[in-house]
Amino acid sequence: MKRLKKKPNLLTCNTLINGLVKFPSLHSIRLGKQVFHDSIRLGVIPQTSTFNILILGCCLEGKFNEAVSFIEKMKDFGCFPDNVTYNTILGHLCKKGRLNEARDLLQDMREKGVTPNRNTFNILVSGYCRTGRLNEASKVIELMVKNDVLPDVWTYNMFIDGLCDGGRIDDAIKLRDEMENSKVLPDVVTYNTLINGCFAVGSSDRGFRLVEEMKEKGVVPNAVTHNILVKWYCKEGRMDEASERVRMIEESGVSPDKVTYNTLINGYCKAGNFSEAFRMMDLMGRKGFKLDTITLNTLLHALCEERKLNKASELLTSAYKRGYLLDEVSYGTLIMGYFKDGNADKALNLWNEMKEKEIIPSIITYNTAIAGLCQLAKTEQAVEKFNELLESGLVPEETTYNTIIHGFCREGKVEKAFEFHNKMVENSFKPDVITCNILLCGLCSEGMLEKALNLFNTWISKGKAVDGVTYNTMIATLCKEGRFEAAFNLVSEMKDNNLGPDQYTYNAILGALTSAGRMNDAEEFLSKIVEVGNFQGQSLQLAEKNVQSSESPKEFDPDSNACSKEIIELCNSRRYKDAMRIFEESNQKGVALSKSAYIVLMEGLIKRRKSISKAIK
DNA sequence: TTAGGGTTAG
């Protein structure tokens with residue numbers, strides 16, 4: 001059309017831009033904008049909907065300033081922003097946790113005379129719930145009601161999700177009952193949210209009961225419901241049951257989707273079963289699902305866990321060239337990998353590379369970088385990142401503050417830790433039990449036991465929650481100082497509060513008695529705990545955890561070695577088809593390959609996609 | 001053809 005200088009109609013033009021914008025590939029959004037400019041040149045008169053699609057594209061790329069600038073540009077074409085325009089930007093800002101910017105935009109929306117509708121309110125509710133600010137979410141709901149807009153199933157579902165995220169599963173279920181009373185019927189999303197929430201807090205029984213309950217009430221489980229169950233089995237390391245569940249999904253007539261496969265791939269990688277992970281990736285492709293950013297990120301994660309950072313970095317670069325969308329998770333994964341490897345320079349270089357690509361880090365990625373810097377005793381640099389976070393419009397979390405406080409404590413800068421703690425309070429964040437434990441640990445390791453005891457007593461007298469770690473920290477330090485009586489008082493106090501004692505408590509006491517040369521007391525203490533049976537149970541648990549067979553014995557089989565080597569060499573010279581042939585042959589022979597061989601095969605599956613320059617032509 | 005909730009990766 002462009003070549004023939006034919007004017008497309010508006011529908012053709014909008015459809016094409018919409019397709020490009022929504023097709024998740026590296027250059028598709030840029031192409032969408034190009035189609036827009038070409039169409040204008042060919043004489044098409046755009047409408048608000050055209051701009052709304054372009055604005056969606058900007059939002060998907062995280063380019064919010066450009067999205068907002070389109071609102072002004074619209075006027076030149078006689079178009080005016082509507083609810084869709086504002087809701088699109090508001091929704092994506094909220095999704096990214098940029099609530100301050102969302103609030104400003106809402107103001108602008110009102111000034112331009114566009115009335116917020118139910119979607120607008122729901123978007124705000126979801127934004128606040130997502131960031132755990134449930135009080136503010138309730139205020140939005142009150143405002144909704146005042147504006148004669150009644151909360152609907154979406155509003156309830158988002159609030160239920162917020163409650164579940166905060167571990168308040170009982171409140172979430174109460175709200176479900178409340179919505180039923182208000183004649184808003186819970187739907188499959190309500191149940192999925194609750195089921196997921198139950199599994200997240202470890203109440204799997206309740207989760208399974210809810211699955212039965214939804215069926216009884218005539219709410220049909222969908223792929224998401226099944227995926228939540230599959231995820232749970234994977235998390236528990238029960239991979240056989242996970243794959244059995246997938247078989248059941250297929251039998252029940254629901255098709256496993258991309259998420260199902262990505263969940264399984266992740267599960268197998270975490271279980272160290274790279275052969276099944278590879279098989280799933282291959283199957284995913286065969287079933288017509290494209291390997292996407294998530295699949296890529298899962299593999300990146302696995303490579304980082306295996307400490308194969310060069311490979312991970314090379315995969316990131318080649319995937320980019322092949323048109324995969326890299327996101328902040330891709331970068332965050334590798335950044336964390338480098339930090340764990342002690343390589344702050346490479347981690348920070350990647351951070352800059354991410355920024356250059358205009359990929360905007362979320363609070364989680366900031367937390368990753370901040371934690372990485374703190375672990376490498378670069379807490380001052382972590383504070384700089386923290387300030388950068390604030391400037392970017394993101395809201396920090398308790399974790400963010402705790403990480404930095406911990407960093408200062410680890411460096412022995414307890415005073416600075418307390419300064420940052422004060423900053424946390426000034427900014428209306430509530431120090432939690434973790435903050436308390438970090439500060440206590442900081443004081444104790446700097447020999448300020450009296451100050452630690454003061455803090456401990458004040459904390460308890462304020463009625464704030466403590467846990468086993470709090471007690472163990474104090475008990476260990478008291479023992480080290482030889483104040484065994486005070487330590488034992490705390491042991492019985494922690495027993496009264498059902499917080500222990502556990503193996504850490506026993507180890508602290510035994511260790512201190514031994515190093516004080518009180519061998520008889522130590523032995524007596526040991527026999528006492530063995531009598532009670534606690535210690536045995538604990539140590540048995542530890543022993544079980546330590547049993548891991550990472551490499552299967554079959555790997556030492558000469559056939560396996562030869563095949564693995566050949567596959568790696570073929571993949572390195574990009575002869576993936578030949579590598580697959582060897583893989584299939586060895587599979588038939590029942591020869592297991594080495595972990596590395598499976599990893600290169602997985603990389604091969606990712607890299608086999610045509611490179612983006614070829615795809616555009 | 002355009003906006004909001006639940007599942008996957010850091």
Side-chain angles (χ1 to χ4, degrees), chain A residues 10-22 47-57 59 82-92 94-95 117-127 129-130 152-162 164-165 187-197 199-200 222-232 234-235 257-267 269-270 292-302 304-305 327-337 339-340 361-369 371-372:
Chain A
L10 186 67
L11 183 64
T12 316
C13 172
N14 282 357
T15 310
L16 184 54
I17 301 174
N18 186 44
L20 283 165
V21 156
K22 285 200 167 166
Q47 282 182 358
T48 299
S49 58
T50 320
F51 285 98
N52 288 345
I53 298 168
L54 284 168
I55 284 173
L56 172 67
C59 290
D82 59 8
N83 272 304
V84 178
T85 319
Y86 281 101
N87 289 350
T88 305
I89 309 178
L90 282 173
H92 285 86
C94 284
K95 251 188 197 158
N117 61 9
R118 178 179 276 138
N119 281 353
T120 320
F121 288 118
N122 279 343
I123 288 166
L124 293 170
V125 171
S126 107
C129 285
R130 237 189 266 267
D152 62 357
V153 65
W154 290 72
T155 326
Y156 278 105
N157 286 347
M158 287 180 288
F159 208 89
I160 287 175
D161 189 41
C164 286
D165 263 353
D187 63 2
V188 64
V189 176
T190 321
Y191 277 100
N192 287 346
T193 310
L194 287 170
I195 294 165
N196 189 46
F199 284 127
N222 61 9
V224 176
T225 324
H226 296 300
N227 287 344
I228 292 168
L229 296 172
V230 171
K231 177 184 76 165
W232 182 74
C234 287
K235 206 178 89 194
D257 59 11
K258 248 175 25 177
V259 175
T260 323
Y261 287 107
N262 279 331
T263 308
L264 283 175
I265 293 167
N266 180 43
C269 282
K270 291 230 162 107
D292 61 2
T293 310
I294 305 261
T295 327
L296 171 70
N297 290 349
T298 304
L299 184 54
L300 281 174
H301 179 79
C304 288
E305 289 276 295
D327 63 3
E328 48 120 15
V329 180
S330 325
Y331 277 96
T333 306
L334 208 51
I335 287 171
M336 189 180 209
F339 272 125
K340 276 196 179 158
S362 69
I363 180 67
I364 304 177
T365 307
Y366 268 104
N367 285 345
T368 306

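It should be emphasised that the depicted structure is a prediction, and the values quoted were computed from it without experimental measurement. Throughout, a chain's letter reflects where its sequence line sits, starting with A, and its residues are numbered from 1.
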- Measure from the side-chain heavy atoms of A:Val84 and tell me the nearest of B:dA9, B:dT7, B:dA3. B:dA3
- Query: With a non-hydrogen cut-off below 4.0 angstrom, is A:Ile364 in contact with a base, only sugar-phosphate, or nothing?
  - Reply: base
- Query: Between A:Asp82 (CG) and B:dT1 (P), how many Å, whole number?
  - Reply: 17 Å
- For A:Ser126, what residues pass the side-chain contact (heavy atoms from CB on, under 4.5 Å) criterion, not counting sequence neighbours? A:Arg130, A:Met158
- Looking for any heavy atom pair under 4.0 Å, which part of the strands does A:Asp327 touch: base, sugar-phosphate only, or nothing? base
- To the nearest 0.5 Å, tell me how far A:Asn87 CG sits from A:Ile123 CD1. 4.0 Å
- Touch check for A:Ser362, heavy atoms < 4.0 angstrom, all strands: base, sugar-phosphate only, or nothing? base
- Rounded to whole Å, NZ of A:Lys231 lies from P of B:dT8 at a distance of 4 Å
- Side-chain atoms of A:Val224 come closest, of B:dT7, B:dA3, B:dG4, to B:dT7
- Query: When you check the phosphate oxygens OP1 and OP2 of B:dA9, does a side-chain N or O of A:Asn266 lie under 4.0 Å from one of them?
  - Reply: yes
- Round to the nearest Å and state the distance from A:Asn87 atom CG to B:dG4 atom P. 9 Å
- Taking all heavy atoms of A:Cys304 and all of A:Leu334, pick out the closest pair and write down the distance. SG-CD1, 3.5 Å
- Query: Within the structure shown, what part of the strands sits under 4.0 Å from A:Asp165 by heavy-atom distance: base, sugar-phosphate, or nothing?
  - Reply: nothing
- Message: Need one value for A:Asn196: base, sugar-phosphate or nothing, where a base atom within 4.0 Å counts as base even if backbone is also close, heavy atoms only.
- Response: sugar-phosphate
- Nearest-Å distance for atom pair CD/P, residues A:Gln47 and B:dT1: 15 Å
- Would you indicate what A:Ile294 reaches in the nucleic acid, counting non-hydrogen atoms under 4.0 angstrom: base, sugar-phosphate, or nothing? base
- Item | Value in whole Å for how far the C1' atom of B:dA3 lies from NE2 of A:His92 | 9 Å
- Message: Can you list everything that forms a ring-ring contact (aromatic ring centres under 6.0 Å, His included) with A:Tyr366? Sequence neighbours excluded, please.
- Response: A:Trp351
- Message: Rounding to an integer number of Å, can you tell me how far A:Leu194 CG sits from B:dT7 P?
- Response: 12 Å
- Item | No-hydrogen, no-angle side-chain donor-acceptor test under 3.5 Å, A:Thr225 and A:Asn222 | yes
- Under 4.0 angstrom, heavy atoms only, what part of the nucleic acid is A:Lys270 near: base, sugar-phosphate, or nothing? sugar-phosphate
- Query: Touch check for A:Asp187, heavy atoms < 4.0 angstrom, all strands: base, sugar-phosphate only, or nothing?
  - Reply: base
- Task: Return the value, rounded to whole Å, for the distance between atom OH of A:Tyr191 and atom C1' of B:dT7.
- Result: 18 Å
- By centroid distance (under 5.5 Å) and plane angle (under 30°), are A:Tyr86 and B:dA3 in a stacked arrangement? no
- Donor-acceptor pair under 3.5 Å: do we get one between A:Asn117's side chain and the base of B:dG4? no
- Mind checking A:Asn222 for me? I need base, sugar-phosphate or nothing, with any heavy atom below 4.0 Å counting as a touch. base
- Query: A:Leu296 has an atom CG; how far is it from atom C1' of B:dT8, in whole Å?
  - Reply: 13 Å
- Query: NA contact type, A:Lys95, heavy-atom cut-off 4.0 Å: base, sugar-phosphate, or nothing?
  - Reply: sugar-phosphate
- State whether a side-chain donor-acceptor pair under 3.5 Å links A:Asp152 with A:Asn122. yes
